[in-house]
Amino acid sequence: MRLSQAFVPTVKEIPADATIPSHQLMIRAGMVRALAAGVYVFLPLAQKVLARVMRIVREEMDAIGGQELLLPSLSPIELWEQTGRVKAFGDTLFHVKNRPLVLAPTHEEVVCWLARNHISSYKEMPQIWYQIQTKFRNEPRPRSGVLRGRQFLMKDSYSLDRSREGLDRAYDLHAGAYKRIFTRCGIRFFIVGASSGAMGGTGSQEFMMESPSGEDVIALSEDGTYAANLEVATSIVPAAVRVPGGTAIEEVHTPGVKTIDALSAFLKVDTRCLAKSVVYRAGDAHVLVLMMGNDSLNESKLMAVLGTDVRPLEAEKLRELTGADGGSIGPVGLRGFTILADNRLKGANGLISGANRNDYHLRNIDLERDCAIGGYHDLRTVEEGEPSPNGGGNLRIVRGIELGHIFKLGTKYADALGAMFLDENGKESPVIMGSYGIGIERIVACHIEQNHDDNGIVWDRALAPYDVHLIAVSARSAQVTEAAEALYGELGRSGVDVLFDDRKETSPGFKFKDADLLGMPYQVIVGEKNLAAGKIEIKERKTGTRTLVPKADLVATIQNLLS
RNA sequence: CGGGGCGUAGCUCAGCCCGGUAGAGCGCUUGGUUUGGGACCAAGAAGUCGCAGGUUCGAAUCCUGUCGCCCCGACCA
């Protein structure tokens with residue numbers, strides 16, 4: 001492609017609305033333009049990159065027996081009502097105003113509908129169906145360029161199996177394919193155990209890339225053998241002790257003491273003797289959760305235990321129910337609440353907690369003796385530096401971008417939509433499903449996040465829109481133009497994908513800056529002086545290394561570098 | 001949904017506090033000079049100041065409403 005004719009609107013200045021490197025560079029390199037919040041136009045350069053990503057994805061999906069299909073984006077709202085996901089998605093689901101249709105945010109329902117109508121025997125499974133298509137989600141807050149849009153490309157695959165073992169196999173096949181896909185795309189990633197959240201199901205892993213721009217928080221062990229989303233991460237922390245010969249509860253006056261730190265300082269005791277009360281509303285119920293000392297409650301874990309959404313209880317409601325304010329709440333004699341406690345407090349005594357009376361606390365609380373604990377669960381958020389549960393060293397807490405997510409869905413959707421089959425014994429069972437997604441734009445953005453420098457993008461060969469950026473330094477020189485034109489033709493004929501900067505009126509500096517910004521793996525620079533000596537310059541974008549090769553060897557050298 | 005910020009030329013922004021006929025740089029057009037790291041000179045084109053209402057002799061500027069966009073948080077299948 002000739003740059004003089006290409007639509008690659010590069011910009012020199014950093015766009016005001018872009019805050020992360022990939023977003024800034026995708027705009028500056030003329031790859032995307034925002035049409036509306038979270039909605040992007042993909043320009044020719046970006047389209048070429050997307051095509052390369054999709055090709056890799058298709059190859060790897062086909063390699064595990066996946067069959068590509070094309071599903072509609074419009075889908076009858078009735079299907080979504082049957083699985084309860086109109087409610088589950090809430091405002092995130094785009095509704096069509098003048099027909100009972102929704103814009104599909106994912107396609108489990110449609111796949112299940114297909115399976116219901118066309119899979120009736122165990123002999124017809126396993127199946128892996130996949131699609132690479134636009135999905136629509138009315139995100140409350142689109143952000144970070146193409147990383148979270150309201151419309152985005154997703155490779156989604158769905159496995160249909162007749163047994164749990166079959167599902168495990170499909171899941172493992174996908175995990176393997178995903179590793180190969182991200183590796184081939186030149187992305188350094190890691191895999192974390194994740195919460196399956198509102199998708200439902202039994203098992204789930206996320207493929208993540210470490211990035212300060214990420215929206216997820218991950219605990220990683222030092223040796224990298226443990227990685228889990230903070231929503232489910234655990235660590236090794238000492239449990240509370242049970243002291244022999246418990247003494248009776250006694251009330252202590254603690255004027256103005258509202259925090260664990262203040263209480264610890266006031267009573268001159270270790271924070272581990274303190275049981276912090278956190279109060280939530282879970283549907284119509286009220287829940288008090290006891291945490292040790294300054295441990296912070298993990299809302300995701302709490303939601304998983306309760307199986308429902310939670311939100312902090314309003315201050316007024318709290319006072320109405322307990323007669324006290326936050327900071328003075330405790331489990332003893334409390335009515336109207338379900339009381340849960342973190343595992344760390346299991347069987348503890350000698351604890352101090354709120355007295356449900358402002359400015360008073362109780363000491364010598366024995367959870368077994370004095371409280372009606374509704375259950376002990378892991379409800380704690382792990383912290384930086386705590387030992388990894390698998391002995392892989394201490395935990396680091398990092399931010400990450402989710403590139404892919406694989407789920408063992410089970411029969412949730414098949415049950416809801418009646419996708420049944422007859423097994424070997426003629427018995428009817430629901431189809432067992434898995435679902436496996438990859439964000440296509442995210443691969444592109446993440447690749448740029450990991451591969452750029454101050455001057456621009458540094459494409460990996462696998463994703464680069466072109467292999468070579470050919471520059472005619474001074475396009476007014478007849479010799480340079482002639483030589484560059486000849487090389488453009490030769491490279492093209494030998495199968496090298498070339499972007500040719502043949503612009504006549506553009507200064508050399510401008511061309512070099514554009515070439516670095518666009519980031520093709522190799523720049524072939526045709527300049528007057530080198531040409532006079534029969535030489536052509538090759539610059540490797542990644543390292544900045546420049547080599548001069550005889551003009552006659554240029555094509556062979558490039559072919560060599562690319563192979 | 002809570003908090004904060006911003007809408008002025010294609011882009012980046014000034015002007016707004018303190019009302020008085022719309023500005024700069026980059027980009028674009030034309031002519032000329034220039035050509036190894038985002039050139040120079042000259043002449044030009046280009047903006048309903050997001051939109052609506054109000055106050056005023058007069059509004060980019062003050063007031064009200066509204067829409068859009070960005071950031072932090074919440075949410076994130």
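Note that the coordinates shown come from a computational prediction; the quantities given were computed from them, not determined experimentally. Side chains included, hydrogens not; waters and symmetry mates left out as well; all remaining heavy atoms used. Proteins get letters first, then strands, A, B, ... in listed order; numbering begins at 1 in each.
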**OP:** Write down the distance between NZ (Lys539(A)) and P (G37(B)), rounded to a whole number of angstrom.
**Re:** 12 Å
Subject >> Spacing of the C1' atoms in G50(B) and A9(B) (rounded, Å) >> reply: 15 Å
Original post:
Looking only at atom C1', what distance separates C75(B) and C28(B), rounded to whole Å?
Top reply: 44 Å
Original post:
If you measure from the C1' atom in C13(B) to the same atom in G58(B), how many Å do you get, rounded?
Top reply: 27 Å
**OP:** For the pair Phe182(A) and Phe207(A), name the ring-plane relationship: parallel under 30°, tilted 30 to 60°, perpendicular over 60°.
**Re:** tilted
Original post:
Which whole-number value in Å describes the distance from Leu548(A) CG to G36(B) P?
Top reply: 16 Å
Original post:
Contact class for Ser477(A) vs. all strands (heavy atom < 4.0 Å): base, sugar-phosphate, or nothing?
Top reply: nothing
Subject >> Residue pair Ile218(A) / Ile397(A), side-chain heavy-atom distance below 4.5 Å >> reply: no
Original post:
Side chain of Glu13(A): nearest nucleotide among G37(B), C11(B), C72(B)?
Top reply: C11(B)
**OP:** Please report, rounded to the nearest Å, how far the P atom of C76(B) is from the CZ atom of Phe407(A).
**Re:** 12 Å
**OP:** Pick the C1' atom in A22(B) and in G15(B), then give their distance to the nearest Å.
**Re:** 9 Å
Original post:
With both distances kept under 3.5 Å, what pairs with G25(B), Watson-Crick or G-U wobble?
Top reply: C11(B)
Original post:
Reckon Thr83(A) touches a base, only the sugar-phosphate, or nothing at all at heavy-atom distances under 4.0 Å?
Top reply: nothing
Original post:
Is there a donor N/O on one and an acceptor N/O on the other, under 3.5 Å, for the side chain of Glu528(A) and the base of G36(B)?
Top reply: no
Original post:
With both distances kept under 3.5 Å, what pairs with C69(B), Watson-Crick or G-U wobble?
Top reply: G5(B)
Original post:
Which base sits across from U64(B) as a Watson-Crick or G-U pair, both distances under 3.5 Å?
Top reply: A52(B)
**OP:** Measure the distance from CG on Asn138(A) to C1' on C76(B) and round it to the nearest whole Å.
**Re:** 12 Å
Original post:
What is the nucleic acid contact for Ala36(A), judged by heavy atoms within less than 4.0 Å: base, sugar-phosphate only, or nothing?
Top reply: sugar-phosphate
**OP:** Provide the distance between the two P atoms, one in G5(B) and one in C63(B), to the nearest whole Å.
**Re:** 14 Å
Subject >> Gap between atoms CE and C1', on Met154(A) and C76(B) respectively (whole Å) >> reply: 12 Å
**OP:** Please report, rounded to the nearest Å, how far the C1' atom of G10(B) is from the CG atom of Asp17(A).
**Re:** 15 Å
**OP:** Identify which nucleotide among G37(B), C75(B), C69(B) has an atom closest to any side-chain atom of Arg546(A), counting heavy atoms from C-beta outward.
**Re:** G37(B)
**OP:** Report yes if the side chains of Leu45(A) and Tyr466(A) come closer than 4.5 Å at any heavy-atom pair, otherwise no.
**Re:** yes
Original post:
Between Arg141(A) and C69(B), is there a side-chain N or O to OP1/OP2 distance below 4.0 Å?
Top reply: no
Subject >> Any side-chain heavy-atom pair of Leu3(A) and Phe500(A) under 4.5 Å >> reply: no
Please list, pair by pair, any protein nitrogen or oxygen found under 3.5 Å from a nitrogen or oxygen in nucleotides 38-40 of chain B.
{"from": "G38(B)", "atom 1": "O2'", "to": "Lys12(A)", "atom 2": "NZ", "distance (Å)": "3.2"}
{"from": "G38(B)", "atom 1": "O6", "to": "Arg28(A)", "atom 2": "NH2", "distance (Å)": "3.0"}
{"from": "G38(B)", "atom 1": "N1", "to": "Asp514(A)", "atom 2": "OD1", "distance (Å)": "3.2"}
{"from": "G38(B)", "atom 1": "N2", "to": "Asp514(A)", "atom 2": "OD1", "distance (Å)": "3.0"}
{"from": "A39(B)", "atom 1": "OP2", "to": "Ser507(A)", "atom 2": "OG", "distance (Å)": "3.4"}

Original post:
Within the structure shown, what part of the strands sits under 4.0 Å from Lys135(A) by heavy-atom distance: base, sugar-phosphate, or nothing?
Top reply: nothing
Original post:
Under 4.0 angstrom, heavy atoms only, what part of the nucleic acid is Glu537(A) near: base, sugar-phosphate, or nothing?
Top reply: base
Original post:
Minimum heavy-atom separation for Asn294(A) to Glu383(A), with atom names?
Top reply: O-OE2, 4.4 Å
**OP:** Map Glu299(A) and His23(A) onto RNA chain B by nearest heavy atom, then report which one ends up closer to the 5' terminus.
**Re:** His23(A)
Original post:
Mapping Pro508(A) and Met303(A) onto RNA chain B by nearest heavy atom, which one lands closer to the 5' end?
Top reply: Pro508(A)
Subject >> Partner nucleotide of C16(B) by Watson-Crick or wobble geometry (both distances under 3.5 Å) >> reply: none
Subject >> Gap between atoms CZ and P, on Arg311(A) and C75(B) respectively (whole Å) >> reply: 9 Å
**OP:** Using whole Å, report how far CD1 of Ile14(A) lies from C1' of C26(B).
**Re:** 14 Å
Original post:
Using the P atom in both, what is the distance from G68(B) to A52(B), to the nearest Å?
Top reply: 16 Å
Subject >> Heavy-atom closest contact (Gly418(A) atom, Arg116(A) atom, distance) >> reply: O-CG, 3.3 Å
**OP:** Run the numbers on Ser144(A) and His23(A) for side-chain hydrogen bond (donor to acceptor under 3.5 Å, both in side chains), then give the verdict.
**Re:** CA-CA 6 Å; Ser144(A) 307; His23(A) 189 197; over 6 Å; no
Original post:
Base, sugar-phosphate, or nothing: which does Pro105(A) touch, judged by heavy atoms less than 4.0 Å apart?
Top reply: base
Subject >> Ion pair Glu109(A)/Arg85(A), N-O distance below 4.0 Å >> reply: yes
**OP:** Write down the distance separating the P atoms in U12(B) and C69(B), rounded off to the nearest Å.
**Re:** 15 Å
Subject >> Other residues, nucleotides, ligands: >12 heavy atoms within 6.0 Å of Glu482(A) CD >> reply: no
**OP:** Counting Watson-Crick and G-U wobble pairs only, both distances under 3.5 Å, name the nucleotide matched with G47(B), or none.
**Re:** none
**OP:** Identify whether any heavy atom of Gln523(A) sits under 4.0 Å from a base atom; if not, whether one sits that close to sugar-phosphate; answer base, sugar-phosphate or nothing.
**Re:** nothing
Original post:
Would you say the side chain of Gln131(A) lies within less than 4.5 Å of the side chain of Met154(A), judging by non-hydrogen atoms?
Top reply: no
Original post:
Whom does A39(B) pair with, Watson-Crick or G-U wobble, provided both distances fall under 3.5 Å?
Top reply: U33(B)
Original post:
U64(B) and U55(B): how far apart are their C1' atoms, nearest whole angstrom?
Top reply: 11 Å
Subject >> Arg148(A) side-chain N/O to C76(B) phosphate OP1/OP2 under 4.0 Å >> reply: no
